[in-house]
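Remarks on the structure that follows.
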Amino acid sequence: MFVVALTGGIGSGKSTVTRLFAQLGVPVIDADEISHELTAPGQPVLNEIRAAFGDDVFEHNGSLNRARLRERVFGNVNDRRRLEGLLHPAIHAEILSRLAATDAVYAILSIPLLVESRHDYPHDRVLVIDCPDDIRLARVMERDGLTREAIQRIMAQQALRNERLKLADDILDNSGDLATLQARVTELHRLYQQLARARNPG
Ligand code: ADP
């Protein structure tokens, strides 16, 4: 299986781009989605999170209070590492099993925190969605209704734009309109099909 890791900062357009690839029939495995599923009510990792972070980060009905947990690990490197240590092995295992179950020519693996993540995700190529900070800010303000300061705080936690770009095999500039984005995705789709077929002829 040829795997394209897709990454980018908040508001760069990851969800939009993965949707476009999915519309072309490409299987998309999304680390954030998996993380969400693994912390849904009843999942075993919740017990470990409770043991590490206490009842504080839970609702009365036992579901995870994601906002409070995020708040807690924000700006606290030790807490953040601890949480990652609990979540990443499970996310990693789930990603591997989904990749193994995929029989397409290639798959997209969306890993928002590829740069920051110390774990090694299998991939053959890195696609970075890139967009200047001011456009990302404006788009996220519009999408989430967050304040400029709140978004800047999230951006400051994430890898810097040039650290991300250093990892890139392909860069998708999403500062233009959606039609331009769509055209570039179609172009990349052809490239990835070719690369995957060259790797696995027949
Ligand atoms: P991410 O998943 O990286 O946080 P999204 O794909 O959600 O980013 O994009 C952020 C916001 O910007 C969304 O509301 C999306 O609809 C919008 N958006 C993304 N790309 C474009 C574009 N090229 N033109 C206009 N709006 C866009």
Side-chain angles (χ1 to χ4, degrees), residues 3-40 64 66-67 69-71 73-75 80 83-84 87-88 91 94-95 98-99 106-117 119 121 123 125-192:
V3 179
V4 178
L6 179 152
T7 195
I10 181 172
S12 58
K14 294 178 300 295
S15 316
T16 309
V17 170
T18 52
R19 212 174 307 122
L20 293 173
F21 276 106
Q23 280 167 14
L24 294 170
V26 181
V28 174
I29 297 165
D30 184 323
D32 263 7
E33 237 172 70
I34 291 175
S35 164
H36 222 264
E37 286 172 27
L38 288 172
T39 50
L64 189 62
R66 294 172 198 282
L69 183 60
R70 208 176 304 127
E71 195 61 35
V73 300
F74 233 96
R80 199 162 73 231
L83 181 63
E84 283 171 4
L87 287 177
H88 279 181
I91 295 173
E94 184 61 26
I95 285 175
R98 289 194 194 184
L99 282 173
Y106 79 95
I108 297 275
L109 176 55
S110 173
I111 308 200
L113 300 180
L114 188 70
V115 178
E116 298 87 336
S117 162
H119 287 258
Y121 293 98
H123 57 273
R125 209 160 168 96
V126 174
L127 169 60
V128 172
I129 319 300
D130 184 47
C131 198
D133 291 356
D134 54 335
I135 300 183
R136 289 164 56 202
L137 249 175
R139 286 180 182 163
V140 176
M141 279 169 81
E142 168 105 19
R143 182 190 66 188
D144 297 342
L146 294 174
T147 63
R148 176 176 292 272
E149 290 69 32
I151 301 163
Q152 280 169 333
R153 222 156 59 105
I154 297 171
M155 286 167 114
Q157 286 274 316
Q158 299 184 335
L160 294 173
R161 192 173 167 199
N162 44 4
E163 290 174 47
R164 230 179 264 118
L165 291 174
K166 266 193 264 171
L167 283 188
D169 296 296
D170 306 299
I171 297 168
L172 205 172
D173 169 17
N174 186 22
S175 55
D177 62 13
L178 289 170
T180 311
L181 186 68
Q182 167 95 59
R184 181 79 173 111
V185 166
T186 305
E187 205 178 286
L188 286 167
H189 177 54
R190 292 209 187 96
L191 170 68
Y192 295 150

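We count ligands from 1, going down the list as the structure has it; atoms in each ligand are counted the same way.
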Original post:
For Pro112, is the nearest heavy atom under 4.0 Å from an atom of ligand 1?
Top reply: no
**OP:** May I have the step-by-step check of side chain to side chain donor-acceptor pair (under 3.5 Å) for Asp32 and Ser35, ending in yes or no?
**Re:** CA-CA 5 Å; Asp32 263 7; Ser35 164; 5.6 Å; no
Original post:
Can you tell me how far the CG atom of Asn174 sits from the CG atom of Leu181, to the nearest 0.5 Å?
Top reply: 4.5 Å
**OP:** Provide the number and element of each atom of ligand 1 under 4.0 Å from a heavy atom of Asp177.
**Re:** 23 (N)
Original post:
Any cation-pi pair here, Arg125 with Tyr192, using under 6.0 Å and within 45°?
Top reply: no
Subject >> Nearest non-hydrogen protein atom, atom 2 (O) of ligand 1 >> reply: Ser15 OG, 2.6 Å
**OP:** List every atom of ligand 1 that sits less than 4.0 Å from any heavy atom of Lys14, numbering the atoms from 1 in the order shown and giving each element.
**Re:** 1 (P), 2 (O), 3 (O), 4 (O), 6 (O), 8 (O)
Original post:
Would a 4.5 Å heavy-atom cut-off, applied to side chains only, mark Val4 and Tyr106 as touching?
Top reply: yes
**OP:** Starting at CG of Asp170, measure out to CG of Leu191 and round the result to the nearest 0.5 Å.
**Re:** 5.5 Å
Original post:
Counting from 1, what ligand 1 atoms have a heavy atom of Gly9 closer than 4.0 Å?
Top reply: 3 (O)
Original post:
Is the CZ atom of Arg66 crowded by more than 12 outside heavy atoms at less than 6.0 Å?
Top reply: yes
**OP:** Output yes when the distance from some N or O of ligand 1 to some N or O of Gly176 is under 3.5 Å, and no in every other case.
**Re:** yes
Original post:
Among protein heavy atoms, which sits nearest to atom 17 (C) of ligand 1, and what does the distance come to when rounded to 0.1 Å?
Top reply: Arg139 CD, 4.1 Å
Original post:
Going by distance only, is there an N or O of Ile10 that falls short of 3.5 Å from an N or O of ligand 1?
Top reply: no
**OP:** Go through ligand 1 atom by atom and flag the ones less than 4.0 Å from a non-hydrogen atom of Arg143.
**Re:** 1 (P), 2 (O), 4 (O), 5 (P), 7 (O), 8 (O), 10 (C), 13 (C), 14 (O)
**OP:** Would you mind checking which non-hydrogen protein atom is closest to atom 20 (N) of ligand 1, with the distance to 0.1 Å?
**Re:** Asn174 ND2, 3.0 Å
**OP:** Have a look at Ile129, Ile135, Thr16 and point out the one with the heavy atom closest to atom 9 (O) of ligand 1.
**Re:** Thr16
Original post:
At the 4.0 Å heavy-atom cut-off, does Gly8 count as touching ligand 1?
Top reply: no
Subject >> Gln23, CD atom: more than 12 neighbouring heavy atoms under 6.0 Å >> reply: yes
Original post:
Does an N or O anywhere in Gly13 fall below 3.5 Å from an N or O of ligand 1?
Top reply: yes
**OP:** Mind running side chain to side chain donor-acceptor pair (under 3.5 Å) on Ser12 and Arg139 for me, showing each step along the way?
**Re:** CA-CA 9 Å; Ser12 58; Arg139 286 180 182 163; over 6 Å; no
**OP:** Measure the shortest side-chain to side-chain distance between Leu127 and Ile129 over non-hydrogen atoms and say whether it is less than 4.5 angstrom.
**Re:** yes
Subject >> Numbering as shown, the atoms of ligand 1 that approach Leu178 to under 4.0 Å (heavy-atom distance) >> reply: 20 (N), 21 (C), 22 (C), 23 (N), 24 (N)
